[in-house]
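All of these numbers come straight from a predicted model, not from anything done at the bench. Position 1 is the first residue of the sequence, and the numbers go up from there. One-based numbering, in listed order, for ligands and for the atoms of each.
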Amino acid sequence: MASTRRTFLAQAAAIAGTLGIGSRWNQAWSHPANWGSKPGPAKEGTAVMTSTWNHGMLANDAGFQALDEGGSALDMIEAGARLVEADAEGLSVGIGGLPDRDGHVTLDACIMDHLGDAGSVCFVQNVAHPISLARNVMDRTPHVMLAGAGAEQYARELGMPVTPLLTEQARLAWERWRETSNYQPVINIENHDTIGLLAMDDQGRLAGGCTTSGVAYKMHGRVGDSPIIGAGLYVDGAIGGATATGLGEAVMRTVGSFLVVELMRQGASAQEACFEAVQRIIRSMPTEDLQVGYLALGRDGQVGGHAIHGGFNYALHQRTSADTPIESALIDASHGEH
Ligand code: ASP
């Protein structure tokens, strides 16, 4: 999937133009004086789903299908994430994800709803659908986060399939990497495509999710931003949601998704908030070799995305009224090149 991402960018830019996205790039985004007012109320019958990278297109399709079958925003998120987790060709999420330096595929995921309920699993192995495990943590336990062997044990208790996730393709890539073992904790945007998903259903309920195999060839035990509530994902039902992709260490240090939502609370649009959260990283650490992209969905259905460097895109599906068809677009959010 990653290899085809760039081919979409030109087309995406054109679609973004028709949707009115990315048209205010020259404004001084980071100055609060230029922010509008915080998101207004959601409109009935206007569902939206947005997800990172190319695989977000299929994830959003699955999400809208879940909605049309009577599901909620949370169901949209889980359905979209599961679809991408099940793709054994994807090297960054679920089965087929690239392993850590010791050859173990370890997964991180979280989910959050408009009420502030959240569930998360991290450093979990052999569980094909960590997003569903995270949802069970949220729905059925008194906890927010389960890690490692305990998370896997809980998956077994729930009767979830527990199966090795290292595919032949990923194993061969790991073997090739081991010839040099050149470990750099740097995101190469061509092969680290965490999926972050944000949705609003027809009742205006918001939800979000994030699922990943994390940075390839990471140290065994390393956990990134993706399962951390406030870092890889944050949802506030009264304001909006945000999710992150890229080098988790930079996102965690700046509590990125929480920051995006708090900026929206203070009056920034989804786009302005993502821009400002990216500036926060740029101001606080060297960023030549690291990529972070943020995606946000306001309670009013506004969507924004921004990244440190070019190459970041996201998929957007929206239904503008109860009886219009779903519009689908892949948006180039690579304006962040600096
Ligand atoms: N954010 C993820 C992590 O640091 C990686 C990614 O987005 O690809 O684990």
Using a heavy-atom cut-off of under 4.0 Å, does the side chain or the backbone of R222 touch ligand 1, or both, or neither?
side chain

Can you give the donor-acceptor pairs under 3.5 Å from side chains of residues 223-240 to other protein atoms, not counting sequence neighbours?
unit_1: D236; atom_1: OD1; unit_2: A238; atom_2: N; d: 2.9
unit_1: D236; atom_1: OD2; unit_2: R265; atom_2: NH1; d: 3.3
unit_1: D236; atom_1: OD2; unit_2: R265; atom_2: NH2; d: 2.6

Is there a polar contact between ligand 1 and G214, counting only N or O atoms under 3.5 Å apart?
no

Check for a donor-acceptor pair, side chain of S72 on one end and backbone N or O of D75 on the other, with a separation under 3.5 Å.
yes

Hey, is R283 close enough to E276 for a salt bridge, meaning N to O under 4.0 Å?
yes

Check this for me, if you would: do K218 and D102 make a salt bridge, where the nitrogen-to-carboxylate-oxygen distance has to be below 4.0 angstrom?
no

Within 4.0 Å of some non-hydrogen atom of S226, the atoms of ligand 1 are 1 (N), 2 (C)

I need the atoms of ligand 1 closer than 4.0 Å to a non-hydrogen atom of D225, numbered in the order shown.
1 (N), 2 (C), 3 (C), 4 (O)

Atoms of ligand 1 less than 4.0 Å from V215 heavy atoms?
4 (O), 9 (O)

For ligand 1 and E249, I'd like to know whether there is a polar contact (N/O to N/O, distance under 3.5 Å).
no

Could you walk me through whether L197 and T50 pass the side-chain contact (heavy atoms from CB on, under 4.5 Å) test, one step at a time?
CA-CA 6 Å; L197 317 94; T50 185; over 6 Å; no

Cationic N near anionic O, under 4.0 Å, E249 to R253:
no

Within the structure, does T212 bring an N/O atom to less than 3.5 angstrom of an N/O atom in ligand 1?
no

Under 3.5 Å, N or O to N or O, is L247 touching ligand 1 that way?
no

Note: R176-E179 ion pair, threshold 4.0 Å (strictly below):
no

Do T245 and ligand 1 have an N or O pair less than 3.5 Å apart?
yes

